[in-house]
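Taking it in order: structure first as structure tokens, then the write-up.
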Amino acid sequence: MTVYDFIDLCIEPGFLKLIIYDGAAEENVYEGYADEMPEKYDDLTVESFDFPTEGSITLNIWTDGC
């Protein structure tokens with residue numbers, strides 16, 4: 001499943017607070033609302049997700065950089 005596919009499951013992406021964590025870089029590469037996310041993350045594969053905390057869900061991806 002891609003990041004875009006995951007977000008597309010949400011009825012209103014404007015309410016979805018999202019963190020994208022890159023396991024290769026060991027850092028968050030995006031924090032914000034799903035409908036404002038840069039398109040460069042759309043086609044990345046979601047490897048897993050973390051339980052929502054403080055109103056945000058974390059999608060874990062693995063890449064050598066975007």
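Being a predicted model, the structure only gives us computed values, none of them experimental.
- Atoms CD1 and CZ, on Ile20 and Phe6 in that order, are 10.5 Å from each other to the nearest 0.5 Å.
- Linking Ile, Leu, Val, Met, Phe, Trp and Tyr residues whenever their side-chain heavy atoms come within less than 4.5 Å leaves Ile19 and Met1 in two separate clusters.
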In residues 27-34, what donor-acceptor pairs under 3.5 Å come from side-chain atoms, sequence neighbours left out?
unit_1, atom_1, unit_2, atom_2, d
Asn28, ND2, Glu31, OE2, 3.2
Tyr30, OH, Tyr33, N, 3.4
Tyr30, OH, Tyr33, O, 2.8
Tyr30, OH, Met37, N, 3.4

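- Side-chain heavy atoms closer than 4.5 Å link hydrophobic residues (I, L, V, M, F, W, Y) into clusters, and following such links, possibly through other members, connects Leu18 to Ile61.
- Atom CG of residue Asp35 and atom CD1 of residue Ile7 lie 9.0 Å apart, to the nearest 0.5 angstrom.
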Give every donor-acceptor pair under 3.5 Å between a side-chain atom in residues 46-60 and any protein atom, sequence neighbours left out.
unit_1, atom_1, unit_2, atom_2, d
Ser48, OG, Asn60, ND2, 3.0
Asp50, OD1, Asn60, ND2, 3.1

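- Screening residues 3-13 for side chain to side chain donor-acceptor pair (under 3.5 Å), with sequence neighbours left out, gives Thr2-Asp5.
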